[in-house]
Structure formats: C-alpha cells, structure tokens
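No experiment lies behind these values; they were computed from the predicted model shown. Order of the sequence lines sets the chain letters (A, B, ...), proteins ahead of strands, with each chain counted from 1.
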Amino acid sequence: MKESRKLSNFFIPTLKEDPKEAEIPSHKLMVRAGMIRKLASGIYEFLPLGWRVVKKVEDIIRREMNNISGQEIVMSALQPKTLWDKSGRWEKYGPELMRLKDRKDREFCLGPTHEEVITHLVGTNLSSYKDLPLTLYQFQMKFRDEIRPRFGVMRAREFYMKDSYSFDKDIKACEKSYKDHVGAYRKIFSNCGLKYKEVEAATGNIGGQSSHEFMVTAETGEDEIVLCESKDCDGGYSSNVEKADYRRSEIKQNIVKAEELKEIHTPDRRTVGEVAKFLNQPPEKFIKTLIYDSDKGPVVALVRGDHELNENHLKTYADAGELTLAGKDTIKDITGAPVGFAGPVRINKEAVHKIFADKAVKYIKNAVSGANQKDYHLKNINYGRDYKIKKDNFKNLRKVIKGDLCPRCGKELAFKRGIEVGHTFLLGTKYSKSMGAQYTGADGVRKDIIMGCYGIGVTRVVAAAIEQSHDKDGIIWPDSIAPFDINIIQLSDQLSDKTDNICKELFSELSKDYEVLWDDRAESPGVKFKDAQLIGIPVQVVVGRNYLKEGQLEVQFRKSGKKVFIKPKELKETMENEKENEKNN
RNA sequence: CGGGAAGUGGCGCAGCUUGGCUAGCGCACCUGCUUUGGGAGCAGGGGGUCGCGGGUUCGAAUCCCGCCUUCCCGACCA
C-alpha cells in the first residue's frame, strides 16, 4: 500500500494571498500551498506536503548514488573546531560558519559541509589500497550563516543537502569517480523533471582543481551562465560567468595620435565614475588599477574602466591562494598615495609581486588613470611609452560581457540565468594532506588519498522545480516528485452515501499503486478546485454530479489541463495514456 | 556591511500627516441556519501588551530618541 491521505486529516494550511515577504513564484507558492513556514530569516519548517516532495527528490538521488556504489551514512552536524583548525578553514571560512561553544567552553560549528569530518573518519579507519575506491554519502541539514538569505528555501541558512565524497588511490581513479558522479547527477536532475545545464565553475570555499555546476535554467536564478548554443561547437561550451573564458570581439587598434602625458588635479575624485564625469571622458578611456594582497605578495591588475575584473581569472594567473583587496598600507607602499589614485605609470614595481593587465588595456590610446599621487590623475597615457608590462602578462582578466565569443568555436556566447542545484569538485589531496588521510599502496608506500566531493541542494531542487513549472493558479509538479499522484476531489454538495462509497472504493483501490490525496472536506467546490490547482497534484479525479448522473468520473490533468469523463475502471488506462502523450510532447 | 522599505489578532492591510471616544476592514477560525461545479450568504462569537525600551503630554498605534526584527538591491553559495 502507498502512503495515501485524506485531506480532512492532513496538516496543509493553504493561503489565498501571497505572503508579503515572498518575491519569486516558488517562494510564494511553497508558502501558499502549505509546504513551508518561516521561523526566522532563512530558517524554514517543512510541513507534510513540502516534506513529501523533499523525500521524493531524496529517493531519486539515493537510487542513483547507490547505482554508483555509494554507501549511505549520517555524520554529525555538530563539529569540533579542532578538525577545522587542521584544514585551516576555521579561519578561512569566515562569518558564514555558524560557531558555538559547549558548557566547557570548547568550540564547535554547525557543519556547512563535511570535508573535515569525512576525511577524519576515512583517514582514521581506512589504511589499505584494497579498501579503495570508496564513495560515502549522506542527507543532512547544513548550516551556513548566509550574508543575505533570500527567496525562501532557495538560499536558506539551514538547508537539506545530499553530500557525497569519493576516495581513490590515484588521480585517474578519482577522475572515474568524478565522471560517475556527473553521470549520476545527470540522471537525477532529469528524473526530477528538470531542464538544466552543466557549466564550468569556480571552486570557492571548498577548493580543489576542477569543478562543475548543474544549473536549472530559470529567469529568477541567482547565477548567470554563458553558453555556446552553436551546433558546430566541438563539445559545446558552458560556464558560470564567474569562471567564463571567451574570445574577444571588441579589440581594435585605435589610430589616434599619442598626445603628451599630462598631470591633472582631481581633488577628492577617486572612482572611474567620478573622474570620468569630472573630465568629461568616457569610462572606456580609463585604466582601472586594482591592488590585491595575496600569500605571495601584492598583485596588481589593470582593466579598462568600463570592464569588471574577474577575480577568479586573476587568481589563476597570479598562482595565488587567496586574493583580498589590499588595504591602505599596501596601497601606500605601491602607489605612494591613498586609495583612489593608483595607476600604471611610475608604480613602485619593487613592492609588487606581479602585475597583470587585461588585453584590452594595451589598446587604449591617450588613457586616463591615477597618477600615484594624492589628488592627481594622468591623461594621455599610452602603452609602451608611459608604462610597460610583460607581454605574457596581458591576459583575459575581465569578466565575460555580452558580445564575447565562444573560446572554442568563436560564435557569440548566450547569457542565461540559472539556479545552482548541484556542484561537483575534484579535490585532489587538499583535505587528505592537511587532515592526514593516507593509505598504503601495493608497493608498501604511504600516499595521500585522492578525493572528490559532490553536493546537491535537495530543498533547492524542490524550489527550482516549482520555478520551472507553475502557472497563475499554482504549482505543476513533475510526476516524479509530486507529493501525491492522484487528487480525488469529492464535491461537498454531493456528499452522500453514493459518492462516499465510490470515493472510499477508489481510495483503497488506487492506493495499491498510487499515492492518493482524497479531498473529503466539507468545503464548497470552489475551495476544493482552487486548492487542487494550487498544490498541483498531476491527476485530479472529480467525483460529483457526473458520477451521480452518468456514473462517470471527471479526470483533469494538471499539466495539460485536459479533461475527460470516464468510468472508474478506465482510470488507470487513461492515466497511462496521458503519460504517453506528455512524453511525446 | 553599504543603499532602500516595512513592523498593528494566524494571513493581507487601513488608521499615524493634524495625539482624544470601545483600534478598524478583508481572509481565516468557532456556533447556528440557508446554500453548494471554480475561493457562498445571513446572524452571532472568540482572538490584539499596535516590534521592544525610554521620553514628551492630562492623554501616544499616532510626536521624539535608542534598540530589535523582517524584506528588497550589491559581495557568498547547494
């Protein structure tokens, strides 16, 4: 028997009006359909209807994780600081880590992710190459003190996540584990009925060498991605804009005479915008000079005034661990001036580890930039004459912009928005090294275990599914993750032994193969129809006047809106037919 | 953290400018009657320290000061 329910006895507080704090459809609908309630900013309770959907997604994930030989475990959400000290992330993770102390003043955090715990677990309990490969996974609430929680469960401070970790003896074996996961993720997201894109991604807080994100495409997505949609593109290209590479379309040699370098007084004008306005010059004539601190020393990046620096690219070229915008002191050392007057001319190269420039900078004629002197800028700066940078240090440093071309095939890139529902990381030895997780090889030599980690935001998948599939009346669930398969709507004006009996019969008969929600409430038809549309169960079976008159059920499909009148015994066949039709569309 | 908005029964709001009677409306809830195919009608009823603290005043939801919370726009991320 399946998990069927009567609505009269189901805790599902639906609302007629949108909650005022909700902006995007999935948030509004999840609250209105009685799936979730907010307890505090970014902290939500899942009610029976909402949790059923989460469980559906969970089951789909579990099946695929088991298919790639993953083994399910549960680790502790509460994690001791000592472990995080080893990886160095107690410091590095910053204020996003939820920290707390126990009665003896020992420090803990609520796990935002589990690399430390699992590396410790495996490192202390696995010793031979014979035990590899190994993949472990879990479902668990994760805690991240987000700067700005947003959009309901889309960006929550407590959220339900599937995280898995692979352990391998060498990089080749790890690449196989990584591929297996990517394959599993593809199945998971398509089984959830989602349209998604795989993109190259930056590794962020987790670190590691290579990483991909699974993006559900939706207007309301918080991420921006670029794709090459050209059919001729070899293998295609898709990337998060954070990471995206490109070929340029904008670089042209300007045939303009180089004019004489001039110093200009620009009191209290620091930003490109301010100086541009003051001098009445377009931002694309400016050279923006950004100074970063890194573990190797200060790094300087030059980009054109109207462009934005891509820190991920700079990080890669500078071969630096972390980059943070430099403070006053570093800037003073390098420019001899306060913040806001940095420029490439007469910069103190002694104090700098490396200088990089975006390729576009080279071609700005008679450029404007800081004079490295308080309240002064320079104009008519020209590359070669006024400043020099090694040829190899001209790179793609700016963020990808509209009009840029595919780095593989040269066709124009398309921009889309996406919701990140999954992320895969090839970690290498980042954690096994710092946490001391090693194995003994066949040759008797101790080696670091090669790791990968892989996450799916389960609760976010639910929100993303709604974002992708809803209408003005409510949610339209994909069959695979719908909270119920069939919604029996017994119209209250027809409450009688006759409709009661057929509903009872349908309920118990259908429950052998389907999850059924029977609306047996003493509500008016309007209320029942509206609620049914709102909660979006794929098949609605209306038992009302047509049954009393003709012995017919009225079956309505949420997705197609199609309505048919049939005898009760034809129901299963009708549902199968509709499923076929939907597949073909 | 910067910029913007808002806190009044469970939900959505009005009242505040110009202080004054018992704090009001819609939805939801309870009781009764009537209704019943796309969020029914009538009658009756319950539920509010007006975010918190302080101040001004004979009198504060309303004016002043401080704090807290929530939401939206930017940096983080599943």
Side-chain angles (χ1 to χ4, degrees), chain A residues 13-24 27-28 31-32 34 37-43 57 61 92-97 111-114 139-164 185 189 201-206 211-216 221-223 240 242 308 311 324-325 418-425 453-464 473-474 489-496 522-534 540 542-549 554 556 563:
Chain A
T14 57
L15 299 174
K16 284 187 190 174
E17 284 167 293
D18 288 332
K20 74 171 166 186
E21 77 262 17
E23 282 291 305
I24 63 169
H27 186 192
K28 288 178 183 170
V31 175
R32 283 190 53 204
R37 283 295 182 267
K38 185 178 74 176
L39 182 63
S41 177
I43 303 175
V57 176
I61 297 171
K92 239 177 163 178
Y93 215 98
E96 202 174 305
L97 192 63
T113 172
H114 277 68
F139 291 92
Q140 196 185 45
M141 285 298 176
K142 296 284 189 269
F143 300 85
R144 293 182 190 176
D145 198 356
E146 294 282 348
I147 293 171
R148 186 146 91 84
R150 227 189 315 200
F151 301 151
V153 300
M154 198 71 90
R155 174 175 304 282
R157 294 195 291 171
E158 179 181 342
F159 64 97
Y160 201 55
M161 174 165 148
K162 185 284 304 182
D163 47 326
S164 50
Y185 275 28
F189 297 123
T203 55
N205 247 336
I206 310 280
S211 120
H212 290 85
E213 288 167 333
F214 288 76
M215 294 282 189
V216 167
E222 291 185 86
D223 286 277
N240 195 310
E242 292 170 358
E308 265 186 90
E311 287 186 21
T324 46
L325 269 173
I419 301 164
E420 184 192 351
V421 289
H423 203 155
T424 55
F425 299 86
C453 74
Y454 318 88
I456 294 178
V458 183
T459 40
R460 186 181 277 180
V461 165
V462 174
D473 294 321
I489 302 170
Q490 181 182 9
L491 292 189
S492 49
D493 57 326
Q494 310 296 348
L495 275 178
S496 67
E523 291 287 352
S524 67
V527 171
K528 294 192 174 196
F529 284 125
K530 287 285 185 188
D531 273 347
Q533 290 295 92
L534 177 62
Q540 299 167 8
V542 181
V543 181
R545 64 182 176 208
N546 285 296
Y547 183 74
L548 290 176
K549 279 190 210 147
E554 180 183 326
Q556 187 168 355
K563 207 186 267 191

query = For RNA chain B, what dot-bracket results from Watson-Crick or G-U pairs at under 3.5 Å, with [ ] for crossers and | for inter-strand partners?
reply = ((((((((.[[[[.)....(...]]]].((((((.....)))))).....[[[[[..)....]]]]])))))))....
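Out of B:G37, B:G39, B:C71, the shortest distance to the side chain of A:L491 is found at B:G37.
Contact of the A:R155 side chain with the A:R148 side chain is not registered, since no non-hydrogen atoms from C-beta on lie closer than 4.5 Å. Contact check for A:E96 versus A:E146: side-chain heavy atoms found under the 4.5 Å cut-off.
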Contact list (N/O, under 3.5 angstrom) for nucleotides 26-29 of chain B vs protein:
{"from": "B:G26", "atom 1": "N2", "to": "A:E17", "atom 2": "OE1", "distance (Å)": "3.4"}
{"from": "B:C27", "atom 1": "O3'", "to": "A:K16", "atom 2": "NZ", "distance (Å)": "3.1"}
{"from": "B:A28", "atom 1": "OP1", "to": "A:K16", "atom 2": "NZ", "distance (Å)": "3.3"}

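To the nearest whole angstrom, the two P atoms, one in B:A28 and one in B:G2, are 43 Å apart. When the P atom is compared between B:A60 and B:G51, the two are found 15 Å apart, to the nearest whole Å. To the nearest whole angstrom, the two P atoms, one in B:C71 and one in B:C13, are 14 Å apart.
A donor and an acceptor atom sit less than 3.5 Å apart, one in the side chain of A:R155 and one in the base of B:C76.
Across all strands shown, A:D223 has heavy atoms under 4.0 Å from base atoms, whether or not it also approaches the sugar-phosphate.
Judged as a salt bridge (Lys or Arg N to Asp or Glu O under 4.0 Å), and not counting sequence neighbours, the contacts of A:R150 are A:E222.
Atom NZ in A:K142 sits about 22 Å away from atom P in B:C76, given to the nearest Å.
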